[in-house]
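I have placed the structure first, in the form of structure tokens, so that the comments after it can refer back to it.
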Amino acid sequence: MSQHIAFIGAGNMSSALYGGLIHSGYSATDITATSPEPQILEAQQQKYGIHTTTDNLLAATKADVLVLAVKPQILKHVCIEIASVIQNRKTPPLIISIAAGVDCFAIQTWLKTNVAIVRCMPNTPALIGVGASGLYANQQVTNQQKSLAETLFKAVGMVEWVNDEELLNAVTAVSGSAPAYFFLMLEAMQQTAMKQGLSSEAARNLAQQTALGAAKMATESPLSLSTLMQNVMSPQGSTEQAIFSLQGDHFSQIIERAMNACMERAQTMQNEFGV
């Protein structure tokens, strides 16, 4: 890519994205980030060598790709602020929004133009380069722009496209919010291991390394998850008893209810923060 990318918002996800791009060889001089807090911008400029500004209008004027990386509660204000710049540009930028719960229709309404928009649901492991991002492109997005968006998010992990914008709510449930599910399980495992006599350090190290190893096996093995599970279980063994206990407590249904609750909240947010 040689296009200029501007990030409105210089928080953790933005810095993960442009940090990943720079690590992949993208020129820092082709990246701008904005924030109302000069001290944040100074730190980002010193760390990454990017351009920074407190002026969202300036960023929107120069960008070929404009990433809206602000909280959904203030996205409307930002869009209204930059709307005139977007409307007056001969070639509008590709808009990429990572604000949860705000659909393309709302963004176009606030910008008062049918601009090309890619919505993305990333997750926090993008901060260490192993993110999982779900992307949706509206009808105005060209193949070239779609490729640009994919390149951006592949710099911090893997990408999956969905053809229906509503499916981003399912993406939220399975990857966007899901790191927290695993953190909760790890915390429970560590606490139980400590009750069983292990030190806090040993419990933490063993549980975390096991999660890392299991994830690596799941992603690299050609075997199904069911087969991988069975390979750990011996008849009448300790692992079998643990799995029987989880199944007896309806573990799969617990996960299903949690993911459904997550997706339903994401759907509700569209009504709260949209048009």
Side-chain angles (χ1 to χ4, degrees), residues 7-9 11-14 16-17 65-83 86 94-127 130-141 145-146 149-150 152-154 156-185 225 249-275:
F7 293 78
I8 295 185
N12 287 336
M13 193 57 68
S14 289
L17 289 170
V65 179
L66 185 63
V67 182
L68 304 178
V70 297
K71 296 183 182 298
Q73 297 91 327
I74 64 172
L75 183 58
K76 179 178 180 179
H77 170 77
V78 169
C79 288
I80 291 174
E81 177 190 9
I82 65 174
I86 303 300
L94 168 66
I95 303 294
I96 297 179
S97 172
I98 62 174
V102 183
D103 60 24
C104 292
F105 176 76
I107 295 171
Q108 288 183 326
T109 299
W110 298 329
L111 292 176
K112 297 182 180 180
T113 182
N114 292 327
V115 68
I117 300 172
V118 169
R119 280 189 62 202
C120 175
M121 174 50 61
N123 64 8
T124 54
L127 298 172
V130 287
S133 299
L135 274 66
Y136 167 79
N138 70 359
Q139 293 183 347
Q140 286 73 34
V141 176
Q145 289 174 324
K146 190 173 180 179
E150 184 167 317
L152 173 60
F153 289 97
K154 277 188 174 180
V156 292
M158 59 85 69
V159 167
E160 286 287 343
W161 288 92
V162 297
N163 294 322
D164 183 343
E165 188 172 9
E166 287 294 317
L167 289 176
L168 286 178
N169 295 324
V171 171
T172 301
V174 75
S175 60
S177 298
Y181 315 163
F182 293 101
F183 299 150
L184 178 63
M185 184 172 180
L225 294 176
D249 288 333
H250 306 289
F251 183 74
S252 295
Q253 289 91 329
I254 291 172
I255 297 301
E256 182 178 355
R257 288 196 298 272
M259 291 178 64
N260 284 338
C262 181
M263 186 172 70
E264 289 166 8
R265 175 55 185 159
Q267 292 169 335
T268 302
M269 287 172 65
Q270 291 183 190
N271 297 324
E272 293 180 358
F273 302 129
V275 175

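Checking side-chain atoms of Asn123 against main-chain N and O of Ala132 turns up a donor-acceptor pair under 3.5 Å. Distance alone, capped at 3.5 Å, is enough to place a donor-acceptor pair between the Tyr181 side chain and the Ala173 backbone. Checking side-chain atoms of Asn169 against main-chain N and O of Cys262 turns up no donor-acceptor pair under 3.5 Å.
If you take CD on Gln253 and CG on Asn260, they are separated by 11.5 Å, rounding to the nearest 0.5 Å. Separation of atoms SG (Cys104) and OH (Tyr136) is listed at 5.5 Å; rounding is to 0.5 Å. Of the inter-residue distances, the one linking Leu168 atom CG with Gln267 atom CD reads 11.5 Å to the nearest 0.5 angstrom. Distance check: Leu111 CG to Glu81 CD gives 11.5 Å after rounding to the nearest 0.5 Å. Note that OG of Ser133 and CE of Met121 are 9.5 Å apart. Values are rounded to the nearest 0.5 Å. Once rounded to the nearest 0.5 Å, the distance linking CD of Glu150 with CD of Gln145 reads 14.0 Å.
Around the CD atom of Gln139, the shell of radius 6.0 Å holds no more than 12 heavy atoms that belong to other residues, nucleotides or ligands. A 6.0 Å sphere centred on CG of Asn163 holds no more than 12 heavy atoms belonging to other residues, nucleotides or ligands.
Residues Leu94 and Val141 have side chains in contact (heavy-atom distance under 4.5 Å, counting atoms from C-beta outward). You'll find the side chain of Asn138 stays beyond 4.5 Å of the side chain of Val118, heavy atoms only. Side-chain contact between Ser97 and Cys120 is absent, with no heavy atoms from C-beta onward closer than 4.5 Å. Residues Val156 and Pro122 have side chains not in contact (no heavy-atom distance under 4.5 Å, counting atoms from C-beta outward). Between Val67 and Leu152 the shortest side-chain heavy-atom distance falls below 4.5 Å. No side-chain heavy atom of Phe273 sits under 4.5 Å from any side-chain heavy atom of Lys76.
By the side chain to side chain contact (heavy atoms under 4.5 Å, CB included) test, Ile254 pairs with Arg257, sequence neighbours left out. Judged as a side chain to side chain contact (heavy atoms under 4.5 Å, CB included), and not counting sequence neighbours, the contacts of Asn114 are Gln108, Gln140.
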Legend entry - side-chain contact (heavy atoms from CB on, under 4.5 Å) between Leu17 and Phe153, intermediate numbers included: CA-CA 7 Å; Leu17 289 170; Phe153 289 97; 3.6 Å; yes
Legend entry - Working for side-chain contact (heavy atoms from CB on, under 4.5 Å), residues Leu66 and Ile96: CA-CA 6 Å; Leu66 185 63; Ile96 297 179; over 6 Å; no
Inset, instruction - Please assess Cys79 against Leu68 for the test side-chain contact (heavy atoms from CB on, under 4.5 Å), listing each intermediate value before the final yes or no. - result: CA-CA 9 Å; Cys79 288; Leu68 304 178; 4.0 Å; yes
Inset, instruction - Would you please test Ile107 and Val102 for side-chain contact (heavy atoms from CB on, under 4.5 Å) and show each step? - result: CA-CA 7 Å; Ile107 295 171; Val102 183; 4.0 Å; yes
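Sorted by first and then second residue, the salt bridge (charged side-chain N to carboxylate O under 4.0 Å, His left out) pairs involving residues 157-172 (not counting sequence neighbours) are Arg119-Glu165.
In terms of heavy-atom proximity, Trp110 sits nearest to Ala83 at O-CB, 3.7 Å.
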